[in-house]
Peer 1: 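Next up is a structure, given as structure tokens.
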Amino acid sequence: MTDTAPRPTLEAVAARAGVSRATVSRVVNGGDGVRQALVERVQQAVEELGYVPNQAARSLVTKRHDAVAVIVAEPESRVFADPFFARQLRGISKELTAHDNQLVLLLTEGRDDHARVGRYLAGGHVDGALVFSLHLDDPLPELIQRAGVPTVFGGRPGWSGGRDGVVYVDSDNRGGARDAVRHLLGLGRARIAHITGPLDQTSAADRLDGYRDVMVDADPRLVEEGDFTAGTGERAMHALLARCPDLDAVFAANDLTAAGALRALREHGRRVPDDVAVVGFDDMPPIAEQTEPALTTVRQDIEEMGRLMARLLLRGLAQAPSSVILPTTLVRRASA
């Protein structure tokens with residue numbers, strides 16, 4: 001057993017700085033009305049004593065917790081396997097850290113978790129919420145609205161009407177999909193298939209719409225639904241080849257889906273891009289640069305999306321735009 005030195009108190013800081021306890025409290029909690037000379041004395045005393053403010057007491061004064069809930073509407077197995085989430089969380093974390101805010105990660109495996117998240121938000125533990133990967137039937141928006149927590153959504157919300165002042169950050173999914181398909185047409189490809197993401201998510205629906213904007217008269221058999229995973233990309237590619245063996249190109253809804261499609265094409269003896277050209281979406285360096293061949297894809301700045309979500313929340317939503325749509329760029333590599 002070792003003795004632990006007593007934690008420095010506000011009174012100790014006040015004694016060291018030669019000021020009142022109330023003055024120390026105002027300085028450490030960011031209050032106004034303290035002369036600069038006194039602020040500097042208090043800050044020096046805080047540093048010398050190693051004083052750390054009590055967050056609970058500080059919250060009572062400032063009405064802030066310096067914590068933000070980040071809610072991913074996906075199970076753990078998906079979040080920790082898909083690099084998309086890692087990049088978005090990295091962007092959020094960098095922005096929150098730069099403003100001395102804590103990230104509280106909340107995941108939802110099922111309906112019981114939705115209730116738990118709703119209770120947590122309503123309990124006033126955080127100053128706001130960042131929410132992404134919502135599905136159309138997700139109860140989270142309603143729970144968040146009921147909790148009255150300032151919120152920024154990642155991705156265009158899919159609900160219809162009834163919610164004013166919704167702020168979200170997204171990429172130009174539809175425009176990026178159009179660029180991908182136009183690129184394939186420019187290569188002389190005519191039978192262009194599309195493996196979608198889960199169509200109860202707006203990003204996947206928007207990419208399908210972008211595909212259809214260009215392939216107006218496409219054979220409907222050339223579209224196969226997926227779920228943004230490599231396994232489904234592989235299964236969907238097998239199904240497409242069985243149904244439409246003459247296809248000569250594939251636009252996959254994300255890079256993981258494209259990686260699965262490439263595996264299936266190899267199993268069928270199809271050469272990429274000679275027999276079938278492949279384009280993905282996201283531009284994930286661990287995936288797009290390491291597939292065989294390297295993947296042509298649509299780049300969206302996922303980390304910047306996360307940073308911007310956090311920035312909008314921290315600056316306050318009253319003056320925030322209702323939506324921010326970030327541009328996408330086609331990145332050409334060997335697969336198309």
Peer 1: Taking the side chain as every heavy atom from C-beta outward, state whether Leu134 and Gln201 have any pair of such atoms under 4.5 Å apart.
Peer 2: no
Peer 1: Between Arg333 and Asp283, does any NZ, NE, NH1 or NH2 come within less than 4.0 Å of an OD or OE carboxylate oxygen?
Peer 2: yes
Peer 1: For Asn173, run the side-chain hydrogen bond (donor to acceptor under 3.5 Å, both in side chains) check against Arg207, Arg156, Arg178 and tell me which one passes.
Peer 2: Arg207
Peer 1: Can you check whether Gly280's main-chain N or O pairs, donor with acceptor, with Asp255's side chain at less than 3.5 Å?
Peer 2: no
Peer 1: Report yes or no: does Asp113 contribute a side-chain atom to a donor-acceptor pair with the main-chain N or O of Leu107 at less than 3.5 Å?
Peer 2: no
Peer 1: Within the distance-only criterion (no hydrogens, no angle test), does the side chain of Arg266 pair as donor or acceptor with the backbone N or O of Glu292 below 3.5 angstrom?
Peer 2: yes
Peer 1: Taking C-beta and beyond as the side chain, do His183 and Leu187 meet within less than 4.5 Å on heavy atoms?
Peer 2: yes
Peer 1: Per the ring pair (Phe, Tyr, Trp, His ring centres under 6.0 Å) rule, what does the pair list look like for residues 269-310, sequence neighbours excluded?
Peer 2: none
Peer 1: Under a single-linkage definition using a 4.5 Å side-chain heavy-atom cutoff for Ile, Leu, Val, Met, Phe, Trp and Tyr, are Leu208 and Leu136 assigned to the same hydrophobic cluster?
Peer 2: no
Peer 1: Does any N or O in the side chain of Thr296 come within less than 3.5 Å of the main-chain N or O of Arg332, such that one atom is a donor and the other an acceptor?
Peer 2: no
Peer 1: Do Val250 and Met237 come close enough that some side-chain heavy atom pair is under 4.5 Å?
Peer 2: yes
Peer 1: Holding to side chain to side chain contact (heavy atoms under 4.5 Å, CB included), I want the full list of residues that pass it with Ala253, two or more places apart in sequence or in another chain.
Peer 2: His194, Phe228
Peer 1: More than 12 heavy atoms of other residues, nucleotides or ligands under 6.0 Å from CZ of Arg299: yes or no?
Peer 2: no
Peer 1: Look only at the side chain of Thr97 and the backbone of Ser93, and say whether a donor-acceptor pair between them is shorter than 3.5 Å.
Peer 2: yes
Peer 1: Test your reading of the model: is there a side-chain donor-acceptor pair from Asp206 to the backbone of Ala204, 3.5 Å cut-off?
Peer 2: no
Peer 1: Is there side-chain contact between Ser335 and Pro293, with heavy atoms separated by less than 4.5 Å?
Peer 2: yes
Peer 1: Please tell me if the side chains of Leu247 and Val276 come closer than 4.5 Å, counting only heavy atoms from C-beta onward.
Peer 2: yes
Peer 1: State whether the number of non-hydrogen atoms from other residues, nucleotides or ligands found under 6.0 Å of Glu11 atom CD is greater than 12.
Peer 2: yes
Peer 1: Would you check if the side chain of His125 reaches a backbone N or O of Leu121 as a donor-acceptor pair within less than 3.5 Å?
Peer 2: no
